[in-house]
Amino acid sequence: MAIVELKSVSKRYGDKGANAVEGFDLRTLDGEFIVLVGPSGCGKTTTMRMIAGLELNTGGEILFDEQDVSSVPAKHRDIAMVFQSYALYPHMSVYDNMAFSLKLKKLDKAKIRQRVLEAAKILDIEHLLDRKPRALSGGQRQRVALGRAIVREPRVFLMDEPLSNLDARLRVEMRAEIVKLHRRLKVTTFYVTHDQVEAMTMGERIVVMRDGKIQQIGKPNELYDSPVNMFVAGFIGTPSMNFLKATRRGARIDGEGCGFAPAQALLDQVDEGAAVWVGVRPEHLRPARAEPAGGGAGRLSGRVEVIEPLGAVTLVHLRVGETRITAQLEGRPQVEVDDELTLECDVESLHLFDLEREHSLGLQATPRTESSVALG
Amino acid sequence: MSTPVDIDQSRQGLGGVLLTLLAYAVALLMFFPLFWMLLTAFKTEQTAVSLVPQLFFTPTLDSFREAMAQGSTYNHYAWNSLVTAVGSTLIGLVLTIPAAYAMAFYPNKRTDFTLVWMVSTKFIPAVGVLIPIFLVYRSLGLLDTRFGLLMLYTAMNLPIMVWMVYSYFRDIPKDIIEAADIDGAGVLQTMVRVILPLALPGLASTALLVTILAWNESFWSIMVTNHEASTLAAFIASFRSAEGLYWAKLSAGSVLAVAPIVVLGWCAQRQMVRGLTFGAVK
């Protein structure tokens with residue numbers, strides 16, 4: 001277990017190449033579960049590989065328990081990593097795969113056996129120990145890869161999209177397993193994923209990255225409730241947040257087919273006549289009640305284009321002015337394609353973003369994230 | 001009535017038959033010289049040179065007896081062939097494995113160029129470098145030594161070995177190397193305990209191929225050796241005489257020379273085909 005700290009860590013490939021990672025600042029708690037999330041090419045895997053020592057950081061420092069490990073080779077960092085491809089040794093049995101690192105450490109045989117059996121028991125793979133990886137299913141291989149990592153009793157766990165090769169059902173199962181495993185072992189863990197659902201459900205803290213820079217660091221609900229910019233707002237939450245262009249007119253912010261009455265504090269951030277992006281999450285929209293009884297702080301109307309029934313909820317895609325938006329409505333609303341539909345939302349569900357720089361208006365970024373927030 | 005699918009299948013069938021026939025024809029064409037050599041080895045000198053080629057005749061072992069007349073001579077040449085072919089393969093593997101490892105797993109921008117450059121040395125006709133090598137060998141006292149020939153064979157086969165082993169190594173996912181690194185394995189441990197077991201089929205077929213190449217090599221064997229280090233290739237050439245070629249004896253000598261390697265190749269053909277297509281097919 002270790003406190004991992006990254007101070008202005010950057011990575012540049014070649015002399016003239018762009019920075020793959022830039023100014024990455026983060027300090028974990030001991031035993032914390034950190035998820036690095038972002039789209040492909042955002043630098044999350046590179047960051048993890050730098051923590052592992054598989055890539056050297058070209059700038060900044062990486063510290064394990066206040067000790068700079070930037071130039072320490074991977075094998076001496078006392079970390080364990082689970083690869084996306086599992087990277088099991090195909091010619092070794094499951095037992096040998098798990099015992100390999102312990103044998104290299106020259107532990108005595110009885111100790112190795114004890115540690116491997118313990119890990120196998122935790123992961124429920126005791127019956128597979130004699131098999132070769134090719135004789136295992138994807139889920140079993142994943143467990144072996146986890147087993148190989150936990151027998152080491154490392155200071156830091158690194159997991160690089162470990163569930164992306166599994167089918168949807170197995171992924172949900174393994175997600176819970178990994179969380180349980182972390183609770184049990186309490187080892188500081190970095191988990192890389194591009195799946196925001198994984199990030200939200202697993203992470204104690206989430207680092208959202210884009211173009212090599214941290215966009216926001218926070219607990220799952222912080223990111224959901226208070227995204228610092230449109231990228232985070234759009235990335236966290238499924239379906240994605242809707243963005244509508246609107247202009248302040250007095251106490252209201254109106255756009256084509258939509259109108260909002262945000263709280264005064266939020267309204268104060270927008271100059272009279274200035275245009276902004278208004279963000280509303282699909283799940284915060286509901287069919288508008290008849291006025292004047294309808295009390296929504298925002299109303300938007302449009303023509304229904306697509307209806308996607310999901311059982312418990314229904315996704316309704318509609319065109320409001322020139323913008324396509326999605327609403328996640330409870331149950332099975334009585335709407336048809338081509339119907340005109342008016343939706344409303346509450347005042348607390350409104351987000352305003354700067355039109356050009358796309359950062360959140362009215363959100364006081366906390367000092368913890370302030371330094372690392374990229375505002376375009 | 002035949003459906004379009006049937007027509008397609010029958011076309012495929014016809015194409016398949018033609019291809020198979022072609023394959024047999026090519027195989028026969030390649031096999032024929034060997035077959036004729038084997039046949040001639042069991043003929044007398046007279047039947048061997050008769051104007052009408054004879055397929056049916058009374059076989060005799062005379063040519064073998066004559067070729068083996070100085071039994072120790074054959075053994076001497078065979079031993080030299082064995083030492084130089086196997087020795088050069090082993091030394092080649094020791095040099096190749098780290099080179100291919102570095103190129104496959106830690107490539108830089110000059111890796112491709114280096115590989116092409118190495119293989120391009122094979123484009124030079126051997127005779128083009130004969131004089132410099134001969135002079136160097138003479139001044140180093142390496143002429144007609146097994147060690148000298150062994151070095152030449154190693155150098156001769158090194159590019160092809162590096163190229164082949166490199167392609168096998170490239171098929172091993174880099175994640176596995178990194179996993180070994182994180183598990184605490186050093187370069188040597190990673191190579192011995194992870195890479196080599198995984199690349200074993202490829203290494204075996206490479207070793208087999210270059211052993212065959214070295215065994216069959218004749219140019220350098222004849223040029224830089226006289227008797228002491230001469231291999232079976234020189235043994236065969238020794239059947240040439242001023243009076244002409246003794247076909248039956250020459251064939252018997254050739255059969256004796258190629259027999260060990262043919263047997264080896266026959267036993268390992270499955271392995272070789274697998275190894276040779278290992279990198280290419282993927």
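So you know, we letter chains A, B, ... as the sequences are listed, proteins then strands, and number each from 1.
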Where [X] and [Y] come nearest, the two heavy atoms and their spacing:
| X | Y | answer |
| --- | --- | --- |
| H91(A) | P197(B) | CD2-CB, 3.4 Å |
| D183(B) | R148(A) | OD2-CD, 3.8 Å |
| L104(A) | G184(B) | CD1-C, 3.7 Å |
| R152(A) | I182(B) | NH1-O, 2.7 Å |
| A179(B) | A87(A) | CB-O, 3.8 Å |
| R193(B) | M92(A) | O-CE, 3.8 Å |

Side chain, backbone, both or neither: which part of [X] has a heavy atom under 4.5 Å from chain B?
| X | result |
| --- | --- |
| A149(A) | neither |
| K105(A) | neither |
| I79(A) | both |
| L102(A) | neither |
| R49(A) | side chain |

- Rounded distance [0.5 Å steps], CZ in F83(A) versus NZ in K174(B):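 One gets 10.5 Å once the value is rounded to the nearest 0.5 Å.
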- Task: Drop me the distance from I172(B)'s CD1 to Y89(A)'s OH, to the nearest 0.5 angstrom.
- Result: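 Here the interatomic distance stands at 12.5 Å.
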Heavy-atom count around [X] [atom1] within 6.0 Å, excluding the residue itself: above 12?
| X | atom1 | result |
| --- | --- | --- |
| D167(A) | CG | yes |
| F147(B) | CZ | no |
| K111(A) | NZ | no |
| R171(A) | CZ | yes |

- Item | Per-residue contact mode, E178(B) against chain A (heavy atom under 4.5 angstrom) |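 Contact with chain A: backbone and side chain both.
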- Message: So, using side chain to side chain donor-acceptor pair (under 3.5 Å) as the criterion, who are the partners of E66(A) when residues are at least two apart?
- Response: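 Listed in chain order: R27(A).
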- Query: Are side-chain heavy atoms of P73(A) and D181(B) found at a separation under 4.5 Å?
  - Reply: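 Side-chain contact under 4.5 Å: no.
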